[in-house]
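Everything on this sheet refers to the single structure shown next.
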Amino acid sequence: MTNYLEELNESQRDAVLYNEGPSLVIAGAGSGKTRVLTYKIAYLLEQGYTPWSILALTFTNKAAREMKERIARQVGDQARYLWMGTFHSIFSRILRCEAQVIGFSSNFTIYDSSDSKSLIKSIVKEMQLDDKTYKSGLIQARISNAKNHLVFPDAYVSNAELYQYDLNAKVPATRDIYRQYWERCRQSDAMDFDDLLLYTYMLFRDHPEICRKYAEQFRYVLVDEYQDTNFAQHSIVLQLTQEHQRVCVVGDDAQSIYSFRGANIDNILKFTQLYKGAKLFKLEQNYRSTQTIVCAANSLIEKNSEQIKKEVFSEKAKGEPIGVFNAYSDVEEGEIVANQIVKLRSREHYSYNDFAILYRTNAQSRIFEEALRKRSLPYKIYGGLSFYQRKEIKDVISYFRLAVNPNDEEAFKRVLNYPARGIGDTTLNKVIDAAAQHHVSLWMVLEEPLAYGLNINKGMHTKLQGFRELVKSFIVEIPKKNAYELGAMIVRQSGIMNEIYQSNDPENLSRQENIEELINGMHDFCAIREEEGNENILLTDFLSEVSLLTDQDNEKEEDAEKITLMTIHSAKGLEFKNVFVVGLEENLFPSALSLNSYKELEEERRLFYVAITRAEEHCYLSFAKSRFKYGKMEFSSPSRFLKDIDVHFLKLPQEEQMARRIDERASRFCREQNERASRFLFDESASQPSYGRSSSNLSGGQKSFFVGERPKAEIIRPSVPRNLTKVGLATVSKPSAAGTLPVNVLAGQVIEHERFGIGDVIKVEGTGENSKATVRFRNAGEKQLLLKFARFKVVE
DNA sequence: CCGGTTCGGATCAAC
DNA sequence: TCCGAACCGG
C-alpha cells in the first residue's frame, strides 16, 4: 500500500481501510467523500480484488466517469474493468444479459419519461377517460412512485389503501391504467427508467441462482450518494450483499434532495439497523469552504428535524460573511450579480470559471444571461432542453429504435408519418385498435394488416407497405454496418434529411447542426471503441448507451473561461470559489409546491444547504421583490430560509440589518411558532398512502425553457460523445481511423492522443494490423490502443 | 389527410 | 412565457 494513504486524514483513512464488514460513511459537504471512495477502490484492488468483482454505483454518469479516471490514475488501465456506473446503466447491462428470463429481448428499448408520458396519454384516451382528470403527468407520477416502492400492477390493484387514495383524488382508474401501461411496455419490449430497477429486483427475487451469480461476482459493493437511493435501489443492493455483507455506502443525509423521484432518506438513517454490526464513519472536516460558509450552512441545516448528528467544521480561513442582496426586480437582481462578479474579479483576479450562479428553476437563467451578455461576460448554461429531447434528435433516434426493436410503440407512433407520408391519425388509431384487440404490437399489425382485420383501403395499404419496407431495409443492415454508417444511412433514407435540408431558415439550420452533431457523435462513438480494440460497433450498442445519457454528461473539457449557470440540483457534487444563490423568495425557493408538507419543506432547506456548501470562498444570496412569472409581474417576499441562517454570518443590506437586529428575537419567536404549527398541520404528510413518501412529481415530463434560438450562449448538453473530426453527412466513409497509416511507435516514446492527451508509451505488442500499444496518459490513466485505429501523434 | 393558426393551461428539480 | 391540443380551410 502506498503513499496515498498519507493524503487522507484519520477518519478518511479508517473508512478506506475497514473492509471486514458493512460500513456507512457519513460524509459532510466537502469532506472528501469522492477521495475516500476512489482510494478505497484502489486499496481493494491492491488487496487482490479483481476489478470486475467490484461494483460501484453512482447517481450520474459524470460521477462514475470522474471516479473511474481518478482510480485509473492510481491503478492504471484495470480501472476500465470495474463495474462502475449509475444504477440505471449497470442494471440495464445486467438486464440485457438476462432479458430472456423475464420475457424481454436483449435489445429492449428504454423509454424516457416523455415516452412513458405519451404512452399513458394514449392509454387514457383509449380507455375513454377524461384527460382533464387523468392528467398524464399525475398518473405517471403515481405509477413511478409505485414502481420505486416495488409495487407491481397486481399488488397495486389489490391494495385497498392505494385505491382509496386514488378514489379520493378522483382517479380510481389509475390501477387499470397502470396494468395496461405495464402490458403495453412489455408488448413493446420496452422498459421505462423505473422498470430498470423494478425488473432487476424481480429478476433477482424470482431467480435466486441468477442473484447468486451476481452476488458472487460482485464481491464488494459500494454506493455513492446513498441518501438519494429509493426503496427499489436499496432493495437490490440488499439482494446483492446480504449474503457476504461486503458493502460500503457513502452519503450525507443533509444533502438528500431527490425525494421527488422516490429517494428515501430512511435508507441511510436505518442502514446500521439493517446491516447488523455495520461500522459508522463520519467525515466532518470540510476542506472546501471558509469557516464562515461552513458555519452558516450548519446554522441553516440545524433547523431541520431529521438528521444524523454530525459536526462539520473547517480549518480554512474565516472568510467573509455571506452577502445578501435585495433587488427591486428580477432584472435588477441580474444586474447586481453581474456587477458583483466584475467587482470581485477585478479585486481578487478570479477566473470566470470561479463563478457560479445557482437557481431553483431553469426559467430563472434568462435574466442572468441578459445581464451577463450586456457586460460581455462569458457564461455557460447547464440544463434546459437536453440534446436528446430535441424534436429532430428524437425523430432520428426513433428510427434507430424502430430498426433495433420494431415493436417499440412510441418510436413507431412518432415516425409512422414523419416525414409526412400520408398516414394520418385515423389510420394510426385503426392500427392501435387492432393491436390492442389482438394483444400484439403495432408493428405486428403492420406486418400482417389483413390477419388483424385492419380496415383500410388499397391506397393506404400501399403507403403502409412503403413504411414497412423502409424500416425493414434498416433492420437488415444492422449486423452489416456499424452504428455510424447505419445512422447516416437512416437519416438520409428515412427522408428526414430531405425534410430538414429543404430550406435554410434559422430553425432548420439549427436542426441540421444538431443532426450532424448526432452523426458526428456516432462516428466518434464507433471510432473510440474500435480504437480500444472492439469490433463491430452496432447501432444496438449506440442506442443502449445513449438512452441513459443526460444533460450532465458532456465530456467536453472547457478551454475557455466561463461563468457557470445551473440549477442547484445540477450543482450537487461541484464546487466553485464564488457562488451566487439567487431567487431566494417565498414560492420560488422554497418552491410553492413544497409548502404543503413539512418533509418537502425540509428537502428544500437541504437543497439550500447544498447550494451554500458549493462555495469555497465567497457566497452571496439574493432575492427580488418583484419578478415576471408566466408573463405577469408578481410580487414576492424574501425566503423564510434567509432567517434560518444565523445572522452573524450574514452581511445584510444596511436598512435590513437595522430592522433585523431589532426584531430578531420577535422573529425567532414567530418562526418557532410557525414551525410548531406547520409540524402540527402537516404532520407526516398524512394524506399519503402507506408506502408513499410525498413524491408529488405532478409534472413529470421535462419542459423546456430554452426552445428556439438562443443568442450565442453555449448550452451544455449531453454529449453524443463529442466530435473530434467533422464528418459531414455527405461523406459517409468507413471510419477506419480516418485512413491513417499505422504509426510506428516504440516503447519509451511520448505521444499526444486526440482524446486522451499526452501519454508515455509503455509497451508495444503484436505486428501490423493488430499491433497494440499500452500507454500511460498523464490525465486519462493507462489505456490500450489498437494502433490501426488510434489517432495520435508522436511527440518525442 | 395536412399544415397553419388560435387558444388555453401549466407553471420544479432529473436518472 | 412557453407549449401543445383543438380547430379549420384547403
Side-chain angles (χ1 to χ4, degrees), chain A residues 57-64 85-92 110-114 116-118 121 125 131-132 135-138 141 144 148 192-197 225 228-230 232-233 257-263 358-364 366-367 382-386 388-389 391 417-428 459-460 463 547-553 566-572 583 587-595 600 603-604 606-607 610-611 627-634 695-708 718:
Chain A
L57 297 165
T58 63
F59 270 79
T60 63
N61 295 307
K62 196 177 165 209
T86 63
F87 281 89
H88 292 83
S89 73
I90 296 283
F91 294 164
S92 72
I110 297 173
Y111 276 173
D112 68 21
S113 45
S114 67
S116 355
K117 206 168 175 179
S118 140
K121 205 173 275 178
K125 206 163 154 192
D131 62 359
K132 297 269 168 1
K135 291 183 191 153
S136 54
L138 176 95
S144 170
N148 287 161
D192 65 22
F193 286 142
D194 304 315
D195 285 334
L196 295 175
L197 308 177
E225 308 278 15
D228 285 331
T229 52
N230 61 35
Q233 290 164 322
I257 55 174
Y258 281 110
S259 80
F260 68 88
R261 51 175 215 233
L358 307 181
Y359 33 76
R360 180 65 176 82
T361 69
N362 273 312
Q364 290 164 257
R366 258 193 70 180
I367 301 281
Y382 287 75
L385 191 58
S386 92
Y388 292 100
Q389 306 278 86
K391 181 192 177 302
N417 197 34
Y418 180 81
R421 45 175 78 84
I423 309 172
D425 281 352
T426 321
T427 307
L428 174 61
M460 192 52 74
K463 287 179 188 167
S547 28
L548 292 168
L549 291 183
T550 67
D551 337 20
Q552 293 294 298
D553 302 318
M566 56 168 58
T567 63
I568 303 168
H569 281 89
S570 358
K572 187 166 177 200
N587 296 327
L588 180 61
F589 195 10
S591 145
L593 296 160
S594 70
L595 297 181
E600 279 169 290
E603 174 147 319
E604 293 281 305
R606 289 193 293 269
L607 190 58
V610 168
R627 173 180 299 279
F628 263 102
K629 258 185 193 166
Y630 322 126
K632 269 207 247 45
M633 178 71 88
E634 289 193 355
S695 110
S696 80
N697 181 5
L698 300 188
S699 66
Q702 285 75 359
K703 280 276 186 296
S704 148
F705 294 90
F706 298 143
V707 173

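Proteins come first, then strands; the chains are lettered A, B, ... in the order of their sequence lines, and each starts at number 1.
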### Task
Answer yes or no: does a side-chain N or O of A:K135 lie under 4.0 Å from OP1 or OP2 of B:dA10?
yes
### Summary
Taken to the nearest whole Å, CG/A:D425 to C1'/B:dG3 is 13 Å
### Parallel, tilted or perpendicular: rings of A:F87 and A:F91 (30°, 60°)
perpendicular
### Task
Select base, sugar-phosphate, or nothing to describe what A:I257 touches, counting heavy atoms under 4.0 Å on all strands.
nothing
### Message
Without decimals, in angstroms, what is the distance between A:K572 NZ and B:dC12 P?
### Response
21 Å
### Message
Can you identify which nucleotide, out of B:dC2, B:dA14, B:dC12, has its nearest atom closest to the A:R360 side chain?
### Response
B:dC12
### Task
Using the ring pair (Phe, Tyr, Trp, His ring centres under 6.0 Å) rule, take A:H569 and A:Y359 through it: C-alpha gap first, then chi angles, then the decisive distance, then the call.
CA-CA 9 Å; A:H569 281 89; A:Y359 33 76; over 10 Å; no
### Query
With a non-hydrogen cut-off below 4.0 angstrom, is A:S594 in contact with a base, only sugar-phosphate, or nothing?
nothing
### Query
Within this structure, what is the CG-to-P distance between A:D131 and B:dA10, rounded to whole angstrom?
11 Å
### Task
Examine the base of B:dC15 for any acceptor or donor lying under 3.5 Å from a partner atom in the side chain of A:R261, and report the outcome as yes or no.
no
### Message
Strictly below 4.0 Å: does A:N587 bring a side-chain N or O up to OP1 or OP2 of B:dC12?
### Response
no
### Message
What is the distance, to the nearest angstrom, from the CG atom on A:L595 to the P atom on B:dC12?
### Response
15 Å
### Task
Check whether any side-chain nitrogen or oxygen of A:S113 sits under 4.0 Å from OP1 or OP2 of B:dC15, and answer yes or no.
no
### Task
For nucleotides C:dG4 and B:dA13, find the distance between their P atoms and express it as a whole number of Å.
15 Å
### Task
Name the nucleic acid region contacted by A:D194, choosing base, sugar-phosphate or nothing; use a 4.0 angstrom heavy-atom cut-off, strictly under.
nothing
### Task
Please determine if a side-chain N or O atom of A:N362 lies less than 4.0 Å away from the OP1 or OP2 oxygen of B:dA13.
yes
### Message
Within the 4.0 Å heavy-atom criterion, would you say A:K391 contacts the bases, only the backbone, or no part of the nucleic acid?
### Response
nothing
### Query
Is the shortest side-chain N/O distance from A:K121 to OP1 or OP2 of C:dA5 below 4.0 Å?
yes
### Query
Rounded to the Å, how far apart are A:D228 CG and B:dA13 P?
16 Å
### Query
From B:dA14, B:dG3, B:dC12, pick the nucleotide closest to the side chain of A:A420?
B:dG3
### Spatial distance of atom NE2 (A:H88) from atom CG (A:L548) [nearest 0.5 Å]
7.5 Å
### Nearest-nucleotide 5' precedence on DNA chain B, A:R421 against A:H88
A:R421
### Summary
Closest non-hydrogen contact found for A:E603 with A:S259 is OE1-OG, 2.8 Å
### DNA chain B: 5'-proximal contact among A:F87 and A:S591 (nearest heavy atom)
A:S591
### Task
Nearest whole angstrom, please: distance from the P of B:dA14 to the CE of A:M566.
10 Å
### Query
Just to confirm, is there a sub-4.0 Å distance from OP1 or OP2 of C:dC2 to any side-chain nitrogen or oxygen of A:R366?
yes
## Note on the structure
Atom CD of A:E603 and atom P of B:dA14 are separated, to the nearest Å, by 13 Å
### Query
Run the side-chain hydrogen bond (donor to acceptor under 3.5 Å, both in side chains) check on A:S89 and A:T86 step by step: do they pass?
CA-CA 5 Å; A:S89 73; A:T86 63; 3.2 Å; yes
### Query
How many Å lie between CD on A:Q364 and P on B:dT11, as a whole number?
16 Å
### Query
Does NZ or CZ of A:K391 fall inside the cone over A:Y418's six-membered ring, less than 6.0 Å from its centre and within 45° of the axis?
yes
### Task
For A:Y258, answer base if it contacts any base atom (sugar-phosphate contacts may also be present), sugar-phosphate if it contacts only those atoms, and nothing otherwise; contact means non-hydrogen atoms under 4.0 Å.
sugar-phosphate
### Message
With the six-membered base ring of B:dA13 as reference, does the ring of A:F260 sit under 5.5 Å away with planes under 30° apart?
### Response
yes
